[in-house]
Amino acid sequence: MLIEKYYLTHLPFTYIPVCNWMDPEEFIPCSTELNVPILSRLTLLYDGSLVKFFRALLLSDIEVDVSGQKEVSMGFEMAKFLDSKEGTTAIIRDAWLNIKGKKFVYAHSVIDTSCISEPVKRDISRRNKPVGVLLSDYNMPLLREQLFISRIKSDYLAEHFSTIEDTFWVRCYRLRGSDGFNAAILEVFSPDTWKS
């Protein structure tokens, strides 16, 4: 998968791939041999709002903590994944989703800014909402596509998730909106996500 090279070199932490990236058709049959619990499978394959899903699942408000956000020129791998032009300006955002102060999802977003509206761009710059929630506020129809799932090992994530486990489920996908919104989203899940 071309975008894997981007993630190996552009995330704010290092990680070791544990398995190959799989599309849903590869992941579903492998779930049995990988012993993936049903709730984990449903979350990894879910194509709606992750924040709404967890609010319903955990009956708790979800807070976002944007740890970093900047504008950069998009490199080849990411531009190809997003069907954008290399060198296009993009917003890169690193954020944690928290429940009652505990981190349970890390998200890395790369948002192509070439076609999004000024109000959406302004609201993204405020850093106070997850990208999916912000777009829902605009009642923007969204399409999640090019979903890939994998496992990674990271001491950095284990420390930030406050868990003794060091292997995590991760997924990435493209998120498109009706006003030209176009982004790549990577989400890493704490093992405690499904133990609450």
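We're numbering straight along the sequence, starting at 1. Remember, predicted model here, so these are calculated numbers, not experimental data.
- Residues Leu143 and Ile116 fall into different hydrophobic clusters, defined by Ile, Leu, Val, Met, Phe, Trp and Tyr side chains chained together at heavy-atom separations under 4.5 Å.
- Crowding of Arg41 atom CZ: a count of heavy atoms from other residues, nucleotides or ligands under 6.0 Å exceeding 12.
- In terms of heavy-atom proximity, Cys115 sits nearest to Gly180 at CB-O, 3.7 Å.
- Taking CD from Glu159 and CD1 from Ile164, the interatomic distance works out to 15.0 Å, rounded to the nearest 0.5 Å.
- Across Pro37 and Asn35, no two heavy atoms sit closer than the pair CD-O, 3.4 Å.
- Here the closest heavy-atom approach between residue Met74 and residue Ala90 is recorded as CE-CB, 3.9 Å.
- Glu187 and Tyr173 form a side-chain donor-acceptor contact under 3.5 Å, judged by distance and modelled atom types alone.
- Panel note: side chain Glu26, backbone Asp23; a donor-acceptor pair is recorded below 3.5 Å.
- Checked by atom type and distance alone, the side chain of Lys102 pairs as donor or acceptor with a backbone atom of Phe161 at under 3.5 Å.
- Between Asp61 and Arg55 there is a side-chain heavy-atom pair separated by less than 4.5 Å.
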Q. Is there a side-chain contact (heavy atoms from CB on, under 4.5 Å) between Ile152 and Tyr7 once you walk through the steps?
A. CA-CA 11 Å; Ile152 62 173; Tyr7 289 130; over 6 Å; no
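- Ser150 OG to Trp169 CH2: the interatomic distance, rounded to the nearest 0.5 Å, is 7.5 Å.
- Taking CD of Glu77 as the start and CD1 of Ile3 as the end, the distance is 9.0 Å to the nearest 0.5 Å.
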(Q) Please determine whether side-chain contact (heavy atoms from CB on, under 4.5 Å) holds for the pair Phe181 and Lys121, giving the CA-CA distance in whole Å, both sets of side-chain angles, and the decisive distance to 0.1 Å. (A) CA-CA 10 Å; Phe181 185 87; Lys121 189 174 179 181; over 6 Å; no
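- Contact between Lys100 and Ser60 at its shortest, heavy atoms only, is CE-OG, 3.9 Å.
- Under a 3.5 Å cut-off, the side chain of Asn182 and the backbone N or O of Leu82 do form a donor-acceptor pair.
- Under a hydrophobic-cluster definition in which Ile, Leu, Val, Met, Phe, Trp and Tyr are linked whenever side-chain heavy atoms come within less than 4.5 Å, directly or via other members, Phe189 and Val18 are assigned to different clusters.
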Q) After noting the C-alpha distance and the side-chain angles of Val64 and Leu97, does the key distance pass the side-chain contact (heavy atoms from CB on, under 4.5 Å) rule? A) CA-CA 5 Å; Val64 65; Leu97 298 183; 4.2 Å; yes
Q: Apply side-chain contact (heavy atoms from CB on, under 4.5 Å) to Tyr6 and Leu186, showing your working.
A: CA-CA 11 Å; Tyr6 169 87; Leu186 174 119; over 6 Å; no
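- Residue Glu145 qualifies as enclosed at atom CD: its count of foreign heavy atoms under 6.0 Å is above 12.
- For the pair Leu34 and Arg151, the minimum side-chain heavy-atom distance is 4.5 Å or more.
- Here the closest heavy-atom approach between residue Pro24 and residue Pro29 is recorded as O-CD, 4.4 Å.
- Every side chain to side chain contact (heavy atoms under 4.5 Å, CB included) that Asp166 has, sequence neighbours left out, goes to Lys153, Asp155, Ala158.
- Of the possible polar contacts, none joining the Arg93 side chain to the Ile111 backbone as a donor-acceptor pair under 3.5 Å is found.
- Nearest approach of Thr167 to Pro191, heavy atoms of both residues: O-CG, 4.2 Å.
- Remark: side-chain polar atoms of Gln69 are paired, donor with acceptor, to backbone N or O of Ile124 under 3.5 angstrom.
- Side-chain atoms of Thr89 do not come within 3.5 Å of backbone N or O of Thr113 as any donor-acceptor pair.
- Cluster membership check: Ile28 shares its hydrophobic cluster with Leu44, using side-chain heavy-atom separations under 4.5 Å among Ile, Leu, Val, Met, Phe, Trp and Tyr.
- Residue-environment remark: CG (Asn20) stays at or below the threshold of 12 foreign heavy atoms within 6.0 Å.
- A donor-acceptor pair under 3.5 Å links the side-chain atoms of Thr193 to the main chain of Phe104, judged by distance alone.
- Under the 4.5 Å side-chain criterion, counting only non-hydrogen atoms from C-beta, Ser162 is not in contact with Asp192.
- For the atom pair Gln146 CD and Arg176 CZ, the distance stands at 7.5 Å (nearest 0.5 Å).
- Panel note: side chain Arg171, backbone Thr43; a donor-acceptor pair is recorded below 3.5 Å.
- Ring pair Tyr106/Phe168: centre-to-centre distance not below 6.0 Å.
- One distance of note links CG of Leu157 with OH of Tyr15; it measures 10.5 Å at 0.5 Å rounding.
- Considering SG of Cys30 and CE of Met22, their distance stands at 5.5 Å, rounded to 0.5 Å.
- Test Val170, Leu147, Ile149 against Trp21 for side chain to side chain contact (heavy atoms under 4.5 Å, CB included) and you get one pass: Val170.
- In the hydrophobic clustering of this structure, Leu39 groups with Ile99; members are Ile, Leu, Val, Met, Phe, Trp, Tyr whose side-chain heavy atoms approach within less than 4.5 Å, directly or through other members.
- Under a hydrophobic clustering in which Ile, Leu, Val, Met, Phe, Trp and Tyr are joined whenever their side-chain heavy atoms come within less than 4.5 Å, directly or via other members, Leu42 and Leu58 fall into different clusters.
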